There are 2 protein chains.
Amino acid sequence: MSKKEKTTIHDIAQQLGITASTVSRALNNHPRISAKTKELVLKVAKEINYKPNSIAVALRNGKSRLIGIIVPTVNRDFFSSVVRGIEETANKLGYKVIITQSHDNYEREVQTIHALLDARVDGIVVSLGKGTQKLDHFKSVIQKGIPLVFFDRVANNIPVCQVVIDDYLAAYQVTEHLIEQGYNRIAHFNSPMNINIFKERFRGYKDALESYGMSVDPALVVESNLQLEDGRQSARHLIEKGIPFDAIFSASDYSIVGALQELKKHGYNIPGDVGLAGFGNEPFTAFTDPGLTTVDQVSIAMGQAVAKLFFDLLDKEGRITETQKIVLRAKPVFRGSSQRLGINTAAISSETAN
Amino acid sequence: MSKKEKTTIHDIAQQLGITASTVSRALNNHPRISAKTKELVLKVAKEINYKPNSIAVALRNGKSRLIGIIVPTVNRDFFSSVVRGIEETANKLGYKVIITQSHDNYEREVQTIHALLDARVDGIVVSLGKGTQKLDHFKSVIQKGIPLVFFDRVANNIPVCQVVIDDYLAAYQVTEHLIEQGYNRIAHFNSPMNINIFKERFRGYKDALESYGMSVDPALVVESNLQLEDGRQSARHLIEKGIPFDAIFSASDYSIVGALQELKKHGYNIPGDVGLAGFGNEPFTAFTDPGLTTVDQVSIAMGQAVAKLFFDLLDKEGRITETQKIVLRAKPVFRGSSQRLGINTAAISSETAN
DNA sequence: CCATAAAATGCAATCGATTGCGCACAAATC
DNA sequence: GATTTGTGCGCAATCGATTGCATTTTATGG
């Protein structure tokens, strides 16, 4: 089968008895082509269903209109939502989005960068893998003058544009909210990873406490990988060690839901005995009982911001002299797990269905 | 700066005083090139950090090593998981994955198909949008001999390879499970949409009932768009109309969680008074209270199956004479919402964290 | 009616890699 | 020593579109 009915500008040219050059110019609305010819070309093009070969255009122009995205994994609500935002914007501008996953693996991240470079993408958008310390692979991207944007998990020791949320502020607000609800032994679940977002969330927690005359009790700061099971364990740890606490602010929704399960199992009343707050506004946080207070990372807006910043860079064609940093305001979402006073009622629901 | 340090085979050729043809052949391990020359070429290639320009290769060979995916939306766990599976397999084989979203919009789906065709992808993977009835846009893909694979939301009136789960069997099993738990007024939430998956799920429900000597009571079949709010409304509908029911099997997790919330609000005991089961194994179903019985759509396996099938097709180079249909076994996940007898304990937990 | 500017189009190179064909030289065969 | 077979590599076309630089055609003016 496969009727190679590839129609090219030469087909159009032949049918009109003109040259491919003229056809090309006509299609690109070149001023030096007569209106009559343009009309004819357009007409024939439509007739034979001509579609420009983007590969040929890419080769000739040195621009593929492809943009590469690297995320740790695509099947995580936050990342896929950002990807969604980027894709929608890119799509409008005639760009295609190639997605790849690093799986939080440094080697794979490096490989992927090169694979994208080989594919001649016009630019790259990245959220760093957890294991990434060295950044040489990005330096080579920058040297080549290829637009590069980091989001969420970024590195600061490299001059690159980035989009993040205000993790500090959000953490501060949530902690403050817990304090206002009368909790005063607020534990914090965090990651030992040397990643900006976790450091900022801790800082927000710390500053909020101090603003209210409290201070961080090291015994209340529990480090783990912040997965679901880690949350269970961390909660158990606090209980078993007999460390008094009446609230937990976790840097991740996964570990806070683990804690919720564990605490309920031990007969704690949420939010009566213990208030809980997570981070991320993962869809499931709306459906636990009680609903989990958390922070919405405005993922789709982030995707749009990333795309906007990215295309701004693209316009500058490598003449990048400054590195922009866009900080989006994250939205605290207060749900039942932290509200024992009945104040501050705000609701956010998540949708979409099968 | 953008130092146009594009190294090409010509650079290698020049440095060795040979031709680009020879370099090309050497790099491709052509038998007619001497071992010595190959060595030299490889050496110089490494030295000047030569990377083949995949755009040029694509133009010359007529193969882009790009594969296009169209899903309704990428930020849905099921779809992003399938994408994940596809990307991983594609990546191993040196293919890149372009993702696009139809947003369940027919026009957009058509546009996207053309956009992908314009981008010269080597093949396309699709899960149909809800609004799609006409399939002409796919026929043109098939005519061009471009590999096409449908997954999950498929159409049967077109000869195309597809990967689906056994919706019928899974629905049958879940319904049977509810019956075994002693429920005998089992409602069904479904979609009026003319989509294969919903028809199959209904059929499984119906046949299970009949196998146990019951029959479908039209009053218990509630149609809606199956979103969260629809689930609430449907539950309210049953309650307010005074239609007796003691279980609900929903074709979507979103509407069953809505029903769960509504029922709890009305004081029903789950699973004591009413048993609940959904479909999809969305991450949140593990975290509701009680956990929701549902069906795991084995999304990552589906992605891998899609990729495998896809690359099989690719090998056949358009000489596609048969259309394969791969049916994966979905996995019922029995959780608290449907287990009042304490039997049949199976657990599945979901992971990943920020 | 011719010169000349202006408008419209053609020629040919280019982007980077691949490949059929052919040429030169070496080894093998008779 | 002449012919055949083979080896190693170069030439040039090709993929499809773009573009600087002619060249042709048309319009304008004298």
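These numbers come from the heavy atoms of this one structure, side chains and all, not from hydrogens, waters or symmetry mates. Note that the structure is predicted; figures quoted are calculated from it, not measured.
Residues B/P147 and B/D122 come closest through the heavy atom pair CD-O, 3.2 Å.
A/Y95 pairs in a side chain to side chain contact (heavy atoms under 4.5 Å, CB included) with only one of the listed residues (A/I67, A/V121, A/I86), which is A/I67.
What separates CG of B/N61 from P of C/dG16 is a distance of 16 Å, to the nearest Å. The distance between atom OH of A/Y50 and atom C1' of D/dG16, rounded to the nearest whole Å, is 7 Å. Note: CD1 (B/I55) to P (D/dA17) measures 15 Å, nearest angstrom. D/dC11 atom C1' lies 14 Å from atom CD1 of B/I9, rounded to whole Å. Summarising the geometry, the separation between NE2 on A/H10 and P on D/dA17 is reported as 8 Å, rounded to the nearest angstrom. Following rounding to the nearest Å, B/L16 (CG) and D/dG10 (C1') show an atom-to-atom distance of 15 Å. For the pair B/R65 CZ and C/dA17 C1', the computed distance is 15 Å after rounding to whole Å. Between the CG atom of B/L59 and the P atom of C/dT14 there is a distance of 17 Å, rounded to whole Å.
Here the side chains of B/C161 and B/F150 are not in contact, with every heavy-atom distance at 4.5 Å or above.
Classification of the B/F151-B/F79 ring pair by plane angle, with boundaries at 30° and 60°, yields perpendicular.
Taking only side-chain nitrogens and oxygens, A/S24 never comes nearer than 4.0 Å to OP1 or OP2 of D/dA17. At C/dT18, one or more side-chain N or O atoms of B/N28 fall inside 4.0 Å of OP1 or OP2 (strictly under the cut-off).
The pair B/K43-B/E39 does not count as a salt bridge, with every side-chain nitrogen at least 4.0 angstrom from each carboxylate oxygen.
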In B/S/- notation (B base, S sugar-phosphate only, - none; protein heavy atoms under 4.0 Å), nucleotides 7-13 of chain C written 5' to 3' is -BBBBBB
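In this model, a donor atom of one side chain and an acceptor atom of the other lie less than 3.5 Å apart for A/E88 and B/H103.
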